[in-house]
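The structure appears right after this line, and notes come after that.
When a residue number appears, it is its place in the shown sequence, counting from 1.
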Amino acid sequence: MTDKLIIFDTTLRDGEQSPGASMTRDEKMRIAKQLERLKVDVIEAGFPASSNGDFEAVQAIANAIKESTVCGLSRANDRDIARAAEALKGAARARIHTFIATSPLHMEKKLRMTPEEVHEQAKLAVRFARSKVGDVEFSPEDGYRSDPDFLCRVLETVIAEGATTINVPDTVGYAVPELYGNFIRTLRERIPNSDKAIWSVHCHNDLGMAVANSLAGVKIGGARQVECTINGLGERAGNCSLEEIVMAVKTRKDYFGLDLNIDTQHIVAASRMVSQTTGFVVQPNKAVVGANAFAHASGIHQDGVLKARDTYEIMRAEDVGWTANKIVLGKLSGRNAFKQRLQELGVEMDSEADVNAAFLRFKELADRKAEIFDEDILALVSGDGGSNVGEKFGFVSLAQHSETGERPHARVVFSVAGQEVVGESEGNGPVDASLKAIESHVRSGAEMVLYSVNAISGSTESQGEVTVRLQNAGRVVNGVGADPDIVVASAKAYLSALNKLQSQSERVAAQG
């Protein structure tokens, strides 16, 4: 008999806390549907009490997702819990995840509460949540730095009140694998009713050990749920990476002896979707989903792989969704071939109108680029092909001139609330001139804190994917644009970021 490991994905909640990674409701819905195709057990869709936008996103996801459990986060108070319960009303399977800090530092400095007050609030919160839904998760925030005696008392109480999952977070990424694993095991051994709940781990990557700590929590500690995000997305150095946890447990089943629900062939599509939606580029040497993860550059390695793949490959690229058929379509490909390729990539469009719009963008790209790669298609359907309906700013056209010894000049035509306007400017280079041309009209006053260009596929004919991060009045947003012309991609990314700055949404900070 093997145990089952529950995969709890918090890309849409904790992942979204990365500076600039906030997503629209439609973007969250698209990612939630991809997570359902991936067969994630639990999708933490958001923090309903943090903003009206988050409430609506959780509500929409709860109504749409049928296979996975949909979870909403709440602080340990009646208002937050009632709000989460309301958002989750339409879910086939709903979970409320409530939390309160238990470390001496957090209780004193952040909550300004005594340990007894925290203990009582945790008890009442779980009792109230249990009256709303049958599936309640409790997290002691900063649990790993909490006093074990106090933590045992709190956790014993919340299990008695009906908490079905106990999650012990390493909120600040301080843990070391062996110590963290033993910490979980000690809690389970000391708490009399520990067998009445599933134990869970939630690790941050500040010291680069989130995956190792989580696996130690599972193997040494006996946890049977891991909280993680696609690409390890998250604030600071990020969260435990879903793809690494899943493939470690799957590849080393001889050691872990655990079963998973995950359909791993959808991992790469999920990674790409999250990367292009948030603007957080996946590093080439990232395990499982990085561009180099299955590339064997060394001659001796190439020789070994050609003779017998298992000499250097412990996983097959196809098992996680990389395709051996890199060049997929061209300008003569028809709509059915395009639609078939979308299905093979695990991309599901909401309507035929969306398929048609994406196909039109594909044909426009095929006129400019002989070979269309899977990555190009994923960029097209991620909405980077042009302006989206309802957004204030939209790209129309761009002309720029640059010559050695001359100052570059750009002229950008873009729409503002449906009206076309023209901006012109000089700059240090064509990109600088183009963005200054936009800013000459918009006058946003935003400061650019990141500009990066990433080739979507491997040739000079590739589309460039540009990420622009803007900061204004304490808000940080990411904009993403893709185009074979990186100057055009840059203008699209800048306008995308400006659109996000326009959407004023006040949010309450959640736990780490």
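- Under the 3.5 Å distance criterion, with hydrogens and angles disregarded, no donor-acceptor pair is assigned to the side chains of Gln265 and Glu318.
- At least one side-chain heavy atom of Glu243 sits under 4.5 Å from a side-chain heavy atom of Lys286.
- A 4.5 Å side-chain heavy-atom check between Tyr144 and Asp142 finds every atom pair outside the cut-off.
- Cys240 and Val226 get closest at one heavy-atom pair: SG-CG1, 4.1 Å.
- Here Asp263 does not pair with Arg37 in a salt bridge; the nearest charged N to carboxylate O distance is not below 4.0 Å.
- The aromatic rings of Phe359 and Phe338 sit tilted, their planes meeting at an angle between 30° and 60°.
- Salt-bridge annotation for Lys253 and Asp259: present, with a side-chain N of the basic residue lying under 4.0 Å from a carboxylate O of the acidic one.
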| task | Carefully, step by step, assess Glu447 and Arg469 under the rule salt bridge (Lys or Arg N to Asp or Glu O under 4.0 Å). | result | CA-CA 8 Å; Glu447 176 194 2; Arg469 185 174 298 164; over 6 Å; no
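- In this structure, the side chain of Asn213 engages the main chain of Ala175 through a donor-acceptor pair within 3.5 Å.
- Between Arg95 and Glu44 no salt bridge is recorded (no basic side-chain N to carboxylate O distance below 4.0 Å).
- With respect to the salt-bridge test (charged N to carboxylate O, under 4.0 angstrom), the residues Arg13 and Glu227 do not qualify.
- Salt bridge absent: Arg83 and Asp80 never bring a charged side-chain N and a carboxylate O closer than 4.0 Å.
- A side-chain donor-acceptor contact under 3.5 Å links Arg475 to the backbone of Leu501.
- With sequence neighbours excluded, the residues that form a side chain to side chain contact (heavy atoms under 4.5 Å, CB included) with Thr229 are Thr10, Thr11, Leu233, Asn239.
- Considering only heavy atoms from C-beta on, Ile267 comes within 4.5 Å of Val246 through its side chain.
- Under the 3.5 Å distance criterion, with hydrogens and angles disregarded, no donor-acceptor pair is assigned to the side chains of Asp319 and Thr264.
- Between the side chain of Thr24 and the backbone N or O of Glu27, at least one donor-acceptor pair lies under 3.5 Å.
- Ion pair Arg368/Asp485 not flagged as a salt bridge, since none of the NZ, NE, NH1 or NH2 atoms sits closer than 4.0 Å to an Asp/Glu carboxylate oxygen.
- Applying the ring-ring contact (aromatic ring centres under 6.0 Å, His included) rule to Phe256 yields no partners; only residues at least two apart in sequence or on another chain are considered.
- At least one donor-acceptor pair under 3.5 Å links the side chain of Ser415 to the backbone N or O of Gly394.
- We find that Lys500 and Glu391 are not joined by a salt bridge, their nearest charged nitrogen and carboxylate oxygen being 4.0 Å or further apart.
- Legend: residues meeting ring-ring contact (aromatic ring centres under 6.0 Å, His included) with Phe280, ordered by chain and number and at least two apart, are absent.
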| Hey, mind stepping through Asn167 and Ser139 against side-chain hydrogen bond (donor to acceptor under 3.5 Å, both in side chains) and telling me if it holds? | CA-CA 5 Å; Asn167 176 55; Ser139 288; 2.8 Å; yes
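- Of the N and O atoms on the side chains of Asp135 and Thr164, at least one donor lies less than 3.5 Å from an acceptor on the other residue.
- With hydrogens and angles ignored, the 3.5 Å screen pairs a side-chain donor or acceptor of Asn63 with a backbone N or O of Gln59.
- In this structure, a donor-acceptor pair under 3.5 Å is absent between the side chains of Glu137 and Thr165.
- The minimum heavy-atom distance between Gln34 and His266, with the atom names listed, is NE2-O, 3.3 Å.
- Checking Tyr180 against Ser214 by side-chain atom types alone, no donor-acceptor pair falls below 3.5 Å.
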